[in-house]
Asks: 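Got a structure for you, questions after.
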Amino acid sequence: MGKVVEVNLRDTVISTFGGQTVIIPNKDVFQNPIENYSYLKKRRFDLQVGVSYGEDLEKVRQVTLDAVKDIDGISKTFETAFFYESFGDSSINFSIRMWIDTAEQLEFKKVGSEAIISIKKAFDANGIMIPFPIRTLDFGIKGGEKLSEMGLTINNTQK
């Protein structure tokens, strides 16, 4: 992935976003699909987020949309879309799709980063929790036994 720097008779030269130069034979360019992000002069940033099962989902939608609406670079002509997508192990998951008015990689990354910061701040201000995975360890054969009731020996001391 990068910017086309030069197209020659035999090859195409690309400067990657990591600062490397890649030379691709034109045969490969013509025989393989290419994703051209600059053709439309805009890109879509999709962000996946999960919220706690205890949240008011309409409130989450509104707080999220309000959090990103004034970020510089987000398109004013293409509507930002919000979709709940799945019930996860620890969260109800949604995606928010924002159009960015440029195809430039640096601006794309910047807008995405600002969206994450804005959503997190808005969630904190509104008491909306982004959960983390929780694991329950069950040490009993029958299940549900307390660790203190299992009669374990630690350093020759009965616990």
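Being a predicted model, the structure only gives us computed values, none of them experimental. Side-chain atoms are counted along with the backbone in the values below, which use heavy atoms only and exclude waters and symmetry mates.
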Asks: Could you report the tightest heavy-atom contact between Val51 and Leu57, atom names first, then the distance?
Replies: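 Taking every non-hydrogen atom into account, CG2-CD2, 4.3 Å.
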Asks: Do Phe78 and Lys42 have side chains that approach each other closer than 4.5 Å (heavy atoms only, starting at C-beta)?
Replies: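 Yes, their side chains come closer than 4.5 Å.
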Asks: Before giving the answer on side-chain contact (heavy atoms from CB on, under 4.5 Å), spell out for Glu104 and Lys3 the whole-Å C-alpha distance, their side-chain angles and the decisive distance to 0.1 Å.
Replies: CA-CA 9 Å; Glu104 294 296 322; Lys3 278 190 167 190; 3.1 Å; yes
Asks: How long is the gap from CD on Glu6 to OG1 on Thr12, to the nearest 0.5 Å?
Replies: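 The OG1 atom of Thr12 is 9.5 Å from CD of Glu6, to the nearest 0.5 Å.
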Asks: Answer yes if the side chains of Ser95 and Glu85 hold a donor-acceptor pair under 3.5 Å, and no otherwise.
Replies: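 Result is yes, a qualifying pair exists.
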Asks: Taking the side chain as C-beta and beyond, is there a heavy-atom pair between Val5 and Thr21 under 4.5 Å?
Replies: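 They are not in side-chain contact.
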Asks: What is the distance from atom CD of Glu55 to atom CD1 of Ile92, rounded to the nearest 0.5 Å?
Replies: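 Output value for this atom pair is 9.0 Å.
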Asks: Would you say Lys27 and Arg10 make side-chain contact, with heavy atoms under 4.5 Å?
Replies: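 No, their side chains stay 4.5 Å or more apart.
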Asks: For a quick test of reading the model, state the closest non-hydrogen atom pair linking Val68 to Ala115 and the distance between them.
Replies: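 In this case the closest contact between Val68 and Ala115 is CG1-CB, 4.1 Å.
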Asks: Show your working on side-chain contact (heavy atoms from CB on, under 4.5 Å) between Phe83 and Arg97 and close with a plain yes or no.
Replies: CA-CA 9 Å; Phe83 303 100; Arg97 296 176 176 178; 4.1 Å; yes
Asks: Quick check: is Val13 connected to Val29 through a chain of hydrophobic side chains (ILVMFWY, heavy atoms under 4.5 Å apart)?
Replies: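 No: no chain of side-chain contacts under 4.5 Å links Val29 to Val13.
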Asks: Compare every heavy atom of Ser52 with every heavy atom of Pro131, then report the nearest pair and how far apart it is.
Replies: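 Heavy atoms of Pro131 and Ser52 come nearest at CD-N, 3.4 Å.
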Asks: Using the side-chain contact (heavy atoms from CB on, under 4.5 Å) rule, take Glu114 and Ile117 through it: C-alpha gap first, then chi angles, then the decisive distance, then the call.
Replies: CA-CA 5 Å; Glu114 289 302 315; Ile117 291 168; 4.3 Å; yes
Asks: Quick one, Ser86 and Asn93 - any side-chain contact, counting heavy atoms below 4.5 Å?
Replies: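 Yes, side chains in contact.
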Asks: Which atoms form the tightest heavy-atom contact between Arg43 and Phe108, and what is the distance?
Replies: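 Nearest pair, atom of Arg43 first, then Phe108: NH2-CE2, 3.7 Å.
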Asks: For the CG atom of Asp72 and the NZ atom of Lys110, what is their distance to the nearest 0.5 Å?
Replies: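 Those atoms lie 6.5 Å apart.
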Asks: Between Phe87 and Phe82, is there a shared hydrophobic cluster once you connect ILVMFWY residues whose side-chain heavy atoms come closer than 4.5 Å?
Replies: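 Linked, Phe87 and Phe82 end up in one cluster.
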Asks: To the nearest 0.5 Å, tell me how far Ile116 CD1 sits from Lys121 NZ.
Replies: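 So the CD1 of Ile116 and the NZ of Lys121 are separated by 13.5 Å.
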Asks: Between atom OG of Ser75 and atom CE of Met98, what is the distance when rounded to the nearest 0.5 Å?
Replies: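 CE of Met98 is found 12.0 Å from OG of Ser75.
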Asks: Measure up the Tyr84 and Phe94 rings against each other and bin them: parallel (under 30°), tilted (30 to 60°), perpendicular (over 60°).
Replies: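 Correct class here is perpendicular.
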Asks: Between Leu65 and Ile96, does a side-chain contact (heavy atoms from CB on, under 4.5 Å) hold up when you go through it step by step?
Replies: CA-CA 8 Å; Leu65 291 170; Ile96 183 164; 4.0 Å; yes
Asks: With distance as the sole test, does Asn126 use its side chain to make a donor-acceptor pair with the main-chain N or O of Ala122 at under 3.5 Å?
Replies: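 Confirmed, Asn126 side chain pairs with Ala122 backbone.
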Asks: Could you tell me whether the side chain of Phe17 reaches within less than 4.5 Å of the side chain of Leu106, counting heavy atoms only?
Replies: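 They are not in contact (no side-chain heavy atoms under 4.5 Å apart), so the answer is no.
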Asks: I'd like to know whether CG of Asp89 has more than 12 heavy-atom contacts from other residues, nucleotides or ligands below 6.0 angstrom.
Replies: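 Not buried by this count: 12 neighbours or fewer within 6.0 Å.
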Asks: Side-chain contact, heavy-atom cut-off 4.5 Å: Lys59 with Val63?
Replies: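 Heavy-atom side-chain distance check passes, below 4.5 Å.
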Asks: Quick check for you: to the nearest 0.5 Å, what is the distance between Thr64 atom OG1 and Leu47 atom CG?
Replies: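 Between Thr64 OG1 and Leu47 CG, I get 9.0 Å after rounding to 0.5 Å.
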Asks: Honestly curious: do Trp99 and Ile71 fall in one hydrophobic cluster under the side-chain, below-4.5 Å linking rule?
Replies: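 As far as the 4.5 Å side-chain criterion goes, Ile71 and Trp99 are not connected within one cluster.
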Asks: Report yes if the side chains of Phe123 and Val60 come closer than 4.5 Å at any heavy-atom pair, otherwise no.
Replies: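 Sidechains of Val60 and Phe123: in contact.
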Asks: Step through the shown structure and confirm whether more than 12 heavy atoms of other residues, nucleotides or ligands are within 6.0 Å of NZ on Lys76.
Replies: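 Counting neighbours around NZ of Lys76, more than 12 heavy atoms of other residues, nucleotides or ligands fall under 6.0 Å, so yes.
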Asks: Any link between Ile23 and Val4 through a network of hydrophobic side chains (Ile, Leu, Val, Met, Phe, Trp, Tyr) touching at under 4.5 Å?
Replies: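 No, it is not one cluster - the side chains of Ile23 and Val4 are not joined through contacts under 4.5 Å.
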